[in-house]
Amino acid sequence: MTVTVSATGLTLRYGGTRALDDVSLTLGTGVTGLLGPNGAGKTTLLRVLATAVPADRGSFTVLGHDPGSAAGRQELRRRLGYLPQNPGFHPDFSAFEFVDYVAILKEMTDRGARHREVRRVLEAVDLSDVRGRRMKRLSGGMRQRVALAAALVGDPGFLVLDEPTVGLDPEQRVRFRELIAQAGEGRTVLLSTHQTEDVAMLCQRVVVLAGGRVRFEGTPAELTARAAGRVWSSAERDPGARAGWRTGTGMFRNVGDPPEGADLLEPTLEDGYLLTLGDGEREAVA
Amino acid sequence: MSTTVKPPPDEVTRPPAPTRDRPWAAVLALARFEARELLLHVPVFVFLALYLAYSVYRLVVAEGDDRTDYPVLHDVDRGTQAAPQLVALAVLLCVNVAVLRSRRHGTERHFGVLPVRPWRRLLAHVLSVVPFAVLVALVVAAEFVWAAAKPGAVGRGSLAELAVGPLIVLLAGVFGVLLACLIRSAFAAPMFVVGLYVLFAMVAAASDGSAPHWLTWLSPVVPESGGHPLPSDLLGRPAAWHALYLAGLTVTLLGAALLVSGRRTRPVAVVTAVALAATAVGIAGQSPDGSPRLTRARTVASVTPEQQQTCTVRAGVTYCAFPEWSGRTADWAAVVDRVRHLAGDPKVQLTVRQRVEARYGIASQAAIAPLTGPGQVSVGTWWGGNRVPEFAVGVASVLVAGSEEEASGICDARAVTVLWLALAAQPDPAGAFARIRLDDSTVGPGLVLAPTEPVAVSAEETRMVRELLDRPREDVTAAVRAGWAELTSPKTSLTRVARLLGVREPKEEDDRACTS
């Protein structure tokens, strides 16, 4: 893997809480999923990597640029595409104007080239037909795609997406997966999400964060493999299971340490994720 | 899980390095974008359209109006200052909203990590106002050049006065930006505008409509309009100091906005300090309320204008004008010649002297006292429109009565001769008669305006003048010339005047409302 993002010992406190606790990770080209329960520090990590907030300790580089210096931070920002959680929008701007505005803020100064680029990214997110429509007249899913277009404009080398599929209906989520998969071709994408299926379907790598610490870093297959032999089916919820729920077949799916002779099931990435978290963190997920 | 520190990447994808001028190019691109957005704000669009429409109206539609054919350029420059206040007000409110836009709509978190830094975005907002200031400057220049190109134009304009319109638009824009930095609420700017209006209203009320000079000049625009034009060296307006004050204040507020937005660098601090000093110098320069020298010069111009005037002789009549009006003596001479011709060129040595009353300031409309010397006729600094027949009344009055002082006491039948002489040679005598009467009519008793004292006419005299104006001019001219001695005598009755001029005799002798 060609390493494009490298973080070492990132620590950040909010008051008495360690939002990030000695986080080290490396990212390469392709989509990396960032999983974790609420309050795990996912958004904080993304904001640190996007240079929105500085870490109290630790360092990182993105595409060779160290944000520790003003010049390095500026160079990093020139290569960054950021889609924050619940991105705002300017209601009276058209979709085109909004992305154009972001393109200018990304220092794209040649008007002709910039407008071509804006049209390109709007086409990439399938919004060409509504590019002249005011943002306030777009649906939530369309606005989210405009925000993704704004993150993609300028062809950034490092794309940070903070829960981009929240609030989208299944069809829109599928469309978004396609877009993110395309975006991950040839660039580094860090995707924060609660949706394990998104990670399973999109990501070449996955990082699990909980309590401000990295609990897992590897491929989705490696995370799934953690649950091999630890998922079983039973008629009643197994009291020894760390987690268990009734499925559509009427049987319980249990995750944990199975009793002898248990009816083992094929593990999923979600099973591996649940087993990676501690008990308290699993409750947070549940 | 314990995390591992990976070795530095062996190979890193590096996009091409940006050029060094890119941040400034981005600021300009952003300024263009914001200027376009600003134009699309309803208040800016509407007020700008109103301003342009008003300017076009003044340039084109109002052509031929009273004073537009004979502009006084050092009044025209001042006249360009009031209207841009509308544009400035709209710009202040809308640029304030534009600066607050990211905060209001929650995009700051996103935009905060983009390469164009917040202070540069702020600068772009300030620059977005520049096109509007430039547009106002173009309109101001067009208005002035249009006026200056007219054959009847006199005087000279001041660049500092002309700069006020564009400067107040810039100042308002920068202030809107600073206000958004200081108070992050969209209500602040409207509240400020209302507060400012109330403050000025209170100051005006507290000082009985005439605020102290230094306080007046803190206002961005000090139009001082409505008075009779004065020679430019009697204006006493600290226009250059005021322009310095406005420019200094604009840069000071810009520096303050940058400092507040986090751009606390030495160059910004130095520029802000220098601009603040320039503002202070401008305030100090514009604060004194007239110098003794100016007061003396205004007194001389009002009481003994001959000390400042140059005279020329045309067809035996002497015309004395302030230097800036010397080109207008031909227009005066045309009127004098017409009136003298109708009167049969009486042997009266006429001197036409330009008069001003400058002692009460440039916004004063104080009346000019009649001249006492025989044959002396006053003429003001305005020309065109009603000023022409009014001047003709002044000339005729002196021809009939001998002097302005004598003429101011005309309260007898001589008024008929005076008015016919003044009006007969006008392109539209009846219309001119109505326009120079205070009541704008041609029936009943009334007062007829002249450069100094008005002439009182009775209803019967009005009727007789009307009848005379309806008759062939040659016939009346002959009658006037033949009866000149009696017609110019204060003892001649109105009945006798009617017989001499061949019009219907009055039923009653007199119902005039004499003022003296």
Side-chain angles (χ1 to χ4, degrees), chain A residues 2-6 8-9 22-26 28-29 47 50-52 61 63-65 74-75 77-80 82-93 97-98 100-102 104-111 114 147 150-151 155-157 186-188 208 213-217 276, chain B residues 1-38 40-42 94 97-98 100-118 120-121 124-125 128 262 265:
Chain A
T2 300
V3 176
T4 51
V5 177
S6 172
T8 306
D22 195 27
V23 170
S24 298
L25 54 82
T26 55
T29 305
R47 283 169 60 75
T51 72
T61 61
L63 300 169
H65 299 289
Q74 189 70 355
E75 290 305 316
R77 286 173 171 174
R78 285 179 175 139
R79 287 150 183 83
L80 174 72
Y82 180 41
L83 194 165
Q85 199 175 17
N86 304 318
F89 61 92
H90 295 169
D92 291 323
F93 280 17
E97 285 169 338
F98 185 76
D100 190 35
Y101 187 77
V102 173
I104 295 171
L105 293 181
K106 289 185 175 182
E107 298 179 335
M108 298 180 68
T109 56
D110 182 311
R111 192 164 178 269
R114 187 177 74 239
D155 196 19
R187 62 163 69 86
T188 302
V208 177
R213 296 178 69 86
V214 173
R215 299 301 173 95
F216 174 84
E217 189 180 2
T276 301
Chain B
M1 164 186 160
S2 145
T3 53
T4 46
V5 178
K6 300 285 168 67
D10 295 323
E11 186 188 336
V12 173
T13 309
R14 290 176 192 273
T19 53
R20 287 180 66 82
D21 64 338
R22 201 157 67 170
W24 289 109
V27 169
L28 291 178
L30 195 57
R32 271 198 300 274
F33 186 99
E34 293 291 2
R36 182 177 157 278
E37 287 299 317
L38 207 52
L40 296 178
H41 273 90
V42 172
C94 294
V97 169
L100 292 170
R101 188 175 52 217
S102 282
R103 189 178 178 85
R104 284 175 61 208
H105 299 301
T107 51
E108 199 53 50
R109 197 169 35 171
H110 181 194
F111 297 167
V113 300
L114 296 177
V116 175
R117 308 302 307 131
R120 288 190 197 273
R121 278 157 52 199
H125 279 294
S128 74
T265 61

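In what follows, every heavy atom counts, from backbone to side chain, and hydrogens, waters and symmetry copies are set aside. Within every chain, numbering begins at 1; the chains are lettered A, B, ... in the order of the sequence lines, protein sequences first and strands thereafter.
- Of the listed residues (B:Arg101, B:Arg109, B:Arg120), the one with the most heavy-atom contacts under 4.5 Å to chain A is B:Arg101.
- The nearest pair of heavy atoms linking B:Val113 to A:Arg77 is O-CG, 3.1 Å.
- Across all their heavy atoms, B:Arg32 and A:Thr109 have their closest contact at NH2-O, 4.4 Å.
- Here the closest heavy-atom approach between residue B:Ala29 and residue A:Arg114 is recorded as CB-NH1, 4.1 Å.
- Nearest heavy-atom pair across B:Ala26 and A:Ile104 is O-CG2, 3.7 Å.
- Side-chain atoms of A:Gln74 come within 3.5 Å of backbone atoms of B:Pro115 as a donor-acceptor pair (strictly under, hydrogens ignored).
- Only the side chain of B:Glu34 comes within less than 4.5 Å of a heavy atom in chain A; its backbone stays farther off.
- Using cut-offs of 30° and 60° on the angle between ring planes, the pair B:Phe111 and A:Tyr101 is tilted.
- Using a 4.0 Å cut-off between charged side-chain N and carboxylate O, B:Arg36 and A:Glu97 make a salt bridge.
- Ring-plane geometry between B:His110 and A:Tyr82 is classed as perpendicular, the angle between the planes exceeding 60 degrees on a 0 to 90 degree scale with a lower cut at 30.
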